[in-house]
There are 2 protein chains.
Amino acid sequence: MAVTIYDVAREANVSMATVSRVVNDNQNVKPSTRKKVLECIERLGYRPNAVARGLASKKTTTIGVIVPDISNSFYAELSRGIADVATMYEYNIILSNSDKRADREVELLVDHFGKQVDGLIFMSDSISEEARKEMSIASVPVVLAGTLDQQSQFATVNIDYEEAAYEAVKLLASNGHKRIIFVTGTLTKDINRECKKVGYERALKDAGIELDDELVFEIDNTYDSAYESWKQIRTFSDRPTAIFAGNDDIAVGLLNGIRDDGLLVPDDFEIICFEHSNITRIVRPQLTTVAVPLYDLGAVAMRLLTKLMSDEEVEEHKVILPFRFEKRDSVK
Amino acid sequence: MAVTIYDVAREANVSMATVSRVVNDNQNVKPSTRKKVLECIERLGYRPNAVARGLASKKTTTIGVIVPDISNSFYAELSRGIADVATMYEYNIILSNSDKRADREVELLVDHFGKQVDGLIFMSDSISEEARKEMSIASVPVVLAGTLDQQSQFATVNIDYEEAAYEAVKLLASNGHKRIIFVTGTLTKDINRECKKVGYERALKDAGIELDDELVFEIDNTYDSAYESWKQIRTFSDRPTAIFAGNDDIAVGLLNGIRDDGLLVPDDFEIICFEHSNITRIVRPQLTTVAVPLYDLGAVAMRLLTKLMSDEEVEEHKVILPFRFEKRDSVK
DNA sequence: GTGAAAGCGCTAACAA
DNA sequence: TTGTTAGCGCTTTCAC
């Protein structure tokens, strides 16, 4: 059996309450007794049981993080931002992958709340009604990171994806391109459908370019899928000359397709995309991108959650972080 | 206040014990009472409190995972393997980043064990004495994933890195190369020092090539650092003609350095490396590699941990998974 | 500054 | 098949 607070109390000839005070840095303990207790703790090798503490105090110093897929560098980077701030505030993280399945998300929410997390950070393509309900009835705060809330019900941390998309496509249009392809991951993802696509269309409209649904390619959000999609794109008789890619994996798949075909970037095609990892600097030519501050998105989401958990005043529940443009070599 | 098991018991006119039995799928409950209890649970919206359950049962159905850095694709992939098997056995994961700092690792171990995890998976470059001690006195099983244990004290899951390195370098030697560079991350990492370097040296020796310390480059384990190191490598008067890189990030940094300098792979240099991500297929030429089954490493480690946690017989505590060779275009 | 005692919400004997 | 009753190890009033 492990050493308990009671064993320490007996050994030090004090009550459990006093040991508890020492362990929790309560000031109402005489220095000499504190010292005595500390010695006994050391001698017996006492380690507080966080589960018992959680039951008694109703605080677990643990937060839940539900992420589509931690092996996706987008979420891995975001999670690292969450984790670092969590560490700073002495929270542990229960991390679960949902694979974006709505049923799984709900299961995980129930599961995490059942474990009495003190707060939760949720990431998803789109919030299902069931997930929304589960988060609504939760007795602890919830923050969405890199995830839209179309009902403005929860605290969120994002960048202005639409504006970013707008500026990216505007750059392409200002370079004289008339036929600009938009290659995106699934449009069931709110950010793709409501922001990136909308920004793309607005930029075209502002540039006096007519929309053409044939130029929008909805594909799997992977390098391989993008590489394959090139084979379809190349068949256009009136070939497009510029590409706006929803992210860097897609852009690189396209880039390789183009180059393996003997065409040149940026001469035959100009490319711009959202940047989620350093792959954009590794490929040649290096890609011009909208740099998304993933780490910061996570860090700020966690910081916001700490405020919510301690009932601090929060000026704004809907945080928009700035993005950067990285001018490199895939655009002239 | 949340609904407790007691509220359900009262509502259903049964004892807490019966409700507990229903919740835990204990068969000793009459179908009719089970139904009645289930209805009350539904009606009241009862959700079991896992913390209370953990305190009473001494099982938290949570395991700890300590990883150097989740934003590193190597560990992200490994963690995904762990997570999927954990889900299968209904365990949650507390995930923490150590940044390979020994002091932090110890803190985290104490912290995780304090949270009463039912088991723990540990990953690190090298096990410090303090970390070893902490894991030794733990009352729950520990498994090391992708991490060496030079004292064979813990259960581990790895591949045979030395043999993999040996074969990689042997391939280079058999292609006629005499001056083969080894570019590795820090040699304070056990796997680099005790396996990859040893395999490299053994292959050279077997090929009758004399060792030359000047051909071993110990650098930071990053793309940028490798890119920089090329500037040093190019200054050799008697230029090497082949490179064995410790991992794909290093290999790609080197590759880009070489190509940006106008040299060709594999004509001027042949390259082979350990593969941890799909970057090796994305670059041109595609890299010939030793493919490390990261996901499986994690999955098998977790499976092993479940056996240890339920006191099942375990045939072998030191698991060695097979690796594959991926012949691609960076080697002739 | 310290102690006594009542829980926190559940599981798990043991009885019935 | 069901209920009674101790805890699990800690925090937190409330007294003194």
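Chain A is the first sequence line, chain B the second, and so forth, proteins listed ahead of strands; every chain is numbered from 1. Keep in mind that this is a model prediction, so the values were computed, not measured.
Taking 4.0 Å as the cut-off between side-chain N and carboxylate O, B:D69 and A:R80 count as a salt-bridged pair. Taking 4.0 Å as the cut-off between side-chain N and carboxylate O, B:D118 and B:K59 do not count as a salt-bridged pair. Between B:D111 and B:K115 there is no salt bridge, since none of the side-chain N atoms of the basic residue sits less than 4.0 Å from a carboxylate O of the acidic one. Under a 4.0 Å N-O distance rule, the pair A:K133/A:E129 does not qualify as a salt bridge. By the 4.0 Å N-to-carboxylate-O rule, B:E39 lies too far from B:K36 to be salt-bridged with it.
The residue B:V23 sits apart from the nucleic acid: no heavy atom pair falls under 4.0 Å.
Here the side chains of B:V106 and B:D103 are not in contact, with every heavy-atom distance at 4.5 Å or above.
Direction change of the helix axis from one end of the helix from C:dG1-D:dC16 to C:dA16-D:dT1 to the other is 30°, with five pairs defining each end axis (rounded to 10°).
Considering only residues two or more places apart in sequence or on other chains, A:Y46 meets the ring-ring contact (aromatic ring centres under 6.0 Å, His included) condition with none of them.
In the region residues 25-43 of chain B, proximity to DNA chain C at under 4.0 angstrom, judged on heavy atoms, holds for none of the residues.
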Between the protein and nucleotides 6-9 of chain C, which nitrogen or oxygen pairs come in under 3.5 angstrom?
from	atom 1	to	atom 2	distance (Å)
C:dC8	O3'	A:K58	NZ	3.0
C:dC8	O2	A:A56	N	3.3
C:dG9	OP1	A:K58	NZ	3.0
C:dG9	N2	B:A52	O	3.3

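Two residues, A:Y6 and A:R21, neighbour DNA chain D, and the one matched to the more 5' nucleotide by heavy-atom proximity is A:Y6.
Partner of B:L144 under the side-chain contact (heavy atoms from CB on, under 4.5 Å) criterion, out of B:I127, B:V157, B:L120, B:I121: B:I127 alone.
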Next item on the list: Go through B:S96 and B:H112 one step at a time and tell me if the side chain to side chain donor-acceptor pair (under 3.5 Å) criterion holds.
Entry: CA-CA 9 Å; B:S96 303; B:H112 282 215; 2.8 Å; yes

Next item on the list: Given side chain to side chain contact (heavy atoms under 4.5 Å, CB included), test B:Y89 with B:M302 step by step and report yes or no.
Entry: CA-CA 9 Å; B:Y89 287 86; B:M302 183 64 213; 5.5 Å; no

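Sequence neighbours left out, the pairs with a member in residues 139-150 of chain A that pass side-chain hydrogen bond (donor to acceptor under 3.5 Å, both in side chains) are A:R132-A:D149.
Counted within 6.0 Å of CD on B:E42, heavy atoms from surrounding residues, nucleotides or ligands total 12 or fewer; the atom is thus considered open.
Boundaries of the chain B contact region on DNA chain D are D:dT1 to D:dG9, first to last in 5' to 3' order (nucleotide atom under 4.0 Å from a heavy atom).
Under a cutoff of 6.0 Å and an axis angle of 45°, B:K189 and B:F74 form a cation-pi pair.
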